[in-house]
Number of protein chains: 2
Amino acid sequence: MSDTARGTSRRYGTRPTMKDVAARAGVGLKTVSRVVNGEPGVTPDTERRVQEAITALGFRRNDSARILRKGRTASIGLVLEDLADPFYGPLNRAVEEVARSHGALLINGSSAEDPAREQELVLALCARRVDGLVIIPAADDHRYLAPEIAAGIATVFVDRPAGRIDADVVLSDSFGGAQDAVAHLIAHGHRRIGFIGDQPRIHTAHERLRGYRTAMVAAGLPVDESWVSLGPTAPERVRSAATTMLAGPQPVTALFAGNNRVTVTAVRVLADHPRPVALVGFDDFELADLVNPAITVVAQDAARLGRTAAQLLFRRLDGADDAPRRMEIPTRLIPRGSGEIPPAES
Amino acid sequence: MSDTARGTSRRYGTRPTMKDVAARAGVGLKTVSRVVNGEPGVTPDTERRVQEAITALGFRRNDSARILRKGRTASIGLVLEDLADPFYGPLNRAVEEVARSHGALLINGSSAEDPAREQELVLALCARRVDGLVIIPAADDHRYLAPEIAAGIATVFVDRPAGRIDADVVLSDSFGGAQDAVAHLIAHGHRRIGFIGDQPRIHTAHERLRGYRTAMVAAGLPVDESWVSLGPTAPERVRSAATTMLAGPQPVTALFAGNNRVTVTAVRVLADHPRPVALVGFDDFELADLVNPAITVVAQDAARLGRTAAQLLFRRLDGADDAPRRMEIPTRLIPRGSGEIPPAES
DNA sequence: CTGAAAGCGCTTACAG
DNA sequence: CTGAAAGCGCTTACAG
């Protein structure tokens with residue numbers, strides 16, 4: 001009677017608990033728990049009565065409470081730079097797939113390339129006691145995470161390395177990919193090659209610049225510092241950098257774009273430029289083959305990056321405690337036309 | 001002494017609790033709670049001792065436990081079709097931004113367009129007691145959600161309507177956008193216009209087809225059923241549909257592509273086609289202006305879709321309990337070239 | 001096969 | 001200003 005009253009007078013927002021189900025079914029709390037979790041040792045008749053009560057009350061187990069008692073939350077956090085960046089879409093999906101296959105939920109957040117925001121978000125995830133973290137770092141100092149990792153929150157960094165902390169890392173071969181790109185342009189006759197990259201504190205930008213320099217040096221070519229521009233990837237900045245390199249008496253005859261956002265703006269600038277200029281971009285993207293000329297790129301396997309990182313994370317959660325690893329995913333040069341344009345006569 | 005022992009002998013994976021902090025600081029549990037939550041009524045000296053204990057032990061409040069007691073989880077779920085689809089990137093980010101501004105975390109998951117998977121994921125989120133849900137539905141029957149909504153989980157559907165349930169919905173104007181697209185092609189002289197869309201059970205596909213038919217009828221044009229093809233947006237299927245429409249003695253002279261995935265494949269097919277064919281695509285995408293010809297599209301404002309849905313969700317969480325709303329976000333036709341190609345002489 | 005008690009780590013409602 | 005007790009909704013460890 002009072003059960004029914006409680007059931008129907010329940011105000012909006014209050015849910016029945018196992019205790020309510022137990023009362024209605026006339027059994028103990030533990031018996032309800034057994035039925036809900038499919039544990040053995042319940043007679044069919046008892047089970048049926050409990051099931052009826054569950055249905056009648058619209059009971060759904062509160063996993064937050066369960067989690068508190070069990071210790072593991074069956075959730076992992078993914079912190080990336082921008083949820084809207086198409087480069088991270090496949091990575092995000094790959095991490096989700098792996099999480100799903102391990103029965104874990106995925107909590108997602110963006111750092112917006114702001115170290116403070118990254119830390120705030122990561123620590124909020126730790127406070128929720130996620131089992132593990134996959135982080136595309138914006139910060140270059142992750143000592144703030146040391147106590148969390150020591151306390152058992154598995155952490156894998158992806159796309160960029162961790163700063164001042166020894167942790168698992170999964171990276172693309174930015175250095176090798178950049179070397180390939182620049183060597184490709186040199187092989188097509190270019191001697192004055194510009195590089196427009198992301199902010200220098202970002203590891204991938206730094207590595208790609210290093211690959212650029214190494215390839216130039218290996219070919220015995222000088223690098224004029226006016227050919228190199230690192231900074232924010234906002235269209236205005238990239239546009240102005242490209243315009244500068246393409247002007248003057250000794251303009252660059254080819255551009256190497258440090259990531260997908262730079263490439264997009266470079267393509268726009270070059271479309272309006274009077275002379276043909278070769279272009280190779282880091283990162284592949286949709287329709288790169290349909291632009292005219294089709295865009296030659298160094299493709300990263302973003303899905304593989306995400307999958308590898310997530311698999312490593314769950315291996316840690318399963319108890320693997322060998323030394324932190326640094327894994328490198330190869331890149332692939334895809335010639336499509338823009339990277340094979342010869343130098344314009346000047 | 002025993003505090004220190006407990007502190008240092010703590011095995012990997014076990015974290016200090018407020019009780020540990022209280023013991024070490026020589027204060028009561030509630031005092032620790034006050035300090036951690038910045039509540040008033042603690043002398044500076046006591047506060048300092050507690051802070052010291054927190055730092056020494058590496059304490060971080062367990063928000064899972066806090067949540068259990070407080071009722072609200074400060075987290076919302078976003079269920080979409082595919083985390084890697086660039087269309088959903090801006091939507092995802094917009095939802096995250098709104099969540100963040102309300103101090104909530106975002107749990108993300110993909111349905112992979114599978115109704116069973118959607119339901120499984122949504123109910124898992126309900127079991128975690130997310131405060132609210134933003135759902136891009138794959139299913140067409142959401143009665144399974146009624147008990148959860150009644151129990152207080154705010155729910156907003158976005159991009160597609162809820163099925164068999166009365167709930168808040170935020171949609172793009174698919175019908176109007178499709179009408180605009182087809183009217184545009186008709187205005188440029190086309191009479192035989194093909195429509196390739198997503199699976200008919202998807203609401204947006206259905207609405208866009210309706211817009212197509214309405215525009216044709218309004219112009220007094222007949223619709224040959226061979227000009228309409230709905231189905232999966234896999235490249236092979238779209239390619240074969242397009243190829244069929246473009247063959248024969250009376251081929252279509254223009255195509256209306258029902259979403260971004262269809263458009264991409266259509267562009268590829270048309271690039272290899274001997275005669276010029278006009279194309280308007282639903283959804284804008286990066287570099288649409290750099291393909292040759294540049295692609296005329298009906299652009300949706302995905303970010304606004306997400307922002308509107310999330311804002312509505314938090315308004316519900318703040319107590320707004322007026323009748324479920326249906327909000328429509330306008331689309332915008334962007335002429336770029338491909339949609340202004342005149343019909344080829346046949 | 002079944003259930004009462006204790007406890008997960010916090011907050012709430014009170015009392016001093 | 002401070003803290004002991006009860007409780008959030010479950011699971012664990014036991015006892016019957």
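Only this structure's heavy atoms are used, side chains among them; waters, hydrogens and symmetry mates stay out. Per chain, numbering begins at 1; letters A, B, ... match sequence-line order.
Both B:G26 and B:R69 sit near DNA chain D, but only B:G26 has its closest nucleotide nearer the 5' end. Closest-nucleotide positions on DNA chain C for B:R66 and B:R34 were compared, and the one nearer the 5' end corresponds to B:R66.
If you check every strand for non-hydrogen atoms under 4.0 Å, B:D63 touches nothing. Counting any heavy atom pair closer than 4.0 Å across all strands shown, A:T46 reaches sugar-phosphate atoms only and no base atom.
For the pair B:N62 CG and D:dC8 P, the computed distance is 18 Å after rounding to whole Å. Per the geometry, CZ belonging to B:R129 stands 9 Å off C1' belonging to D:dG9, to the nearest Å. Summarising the geometry, the separation between CZ on A:R49 and P on C:dG3 is reported as 8 Å, rounded to the nearest angstrom. What separates NZ of B:K19 from P of D:dA5 is a distance of 13 Å, to the nearest Å. For A:M18 and D:dC8, the CE to P distance is 15 Å, given to the nearest whole Å. As a whole-Å value, the separation of A:K30 NZ from D:dC14 C1' is 11 Å. Here C:dA13 presents its P atom at 16 Å from CG of B:L29, a figure rounded to the nearest Å. The nearest whole Å value for the distance from the CD atom in B:E39 to the P atom in D:dT2 is 13 Å.
Base pairing of D:dG3: its partner is C:dC14, meeting the Watson-Crick or G-U wobble criterion (both donor-acceptor distances under 3.5 Å).
Between A:R72 and A:I67 the shortest side-chain heavy-atom distance does not fall below 4.5 Å. Residues B:V170 and B:R304 have side chains not in contact (no heavy-atom distance under 4.5 Å, counting atoms from C-beta outward).
For the residue pair B:E118 and B:H142, a side-chain donor N or O sits within less than 3.5 Å of a side-chain acceptor on the partner. Side-chain contact annotation: B:S110 with A:E96, donor-acceptor N/O pair under 3.5 Å present. Counted by atom type alone, B:N62 and A:R128 present zero donor-acceptor pairs between their side chains at under 3.5 Å.
Set against C:dG3, D:dG9, D:dC10, the side chain of B:L68 has D:dG9 as its closest nucleotide. Of the candidates D:dC1, C:dT11, D:dG9, D:dG9 carries the atom nearest the A:A65 side chain, counting heavy atoms from C-beta on. Distance from the side chain of A:T43 is smallest for C:dT2 among the nucleotides C:dT2, D:dG3, D:dT12.
Under 4.0 angstrom from either OP1 or OP2 of D:dG3 there lies at least one side-chain N or O belonging to B:T31. B:S33 has a side-chain polar atom (N or O) that falls below the 4.0 Å cut-off from OP1 or OP2 of C:dT11.
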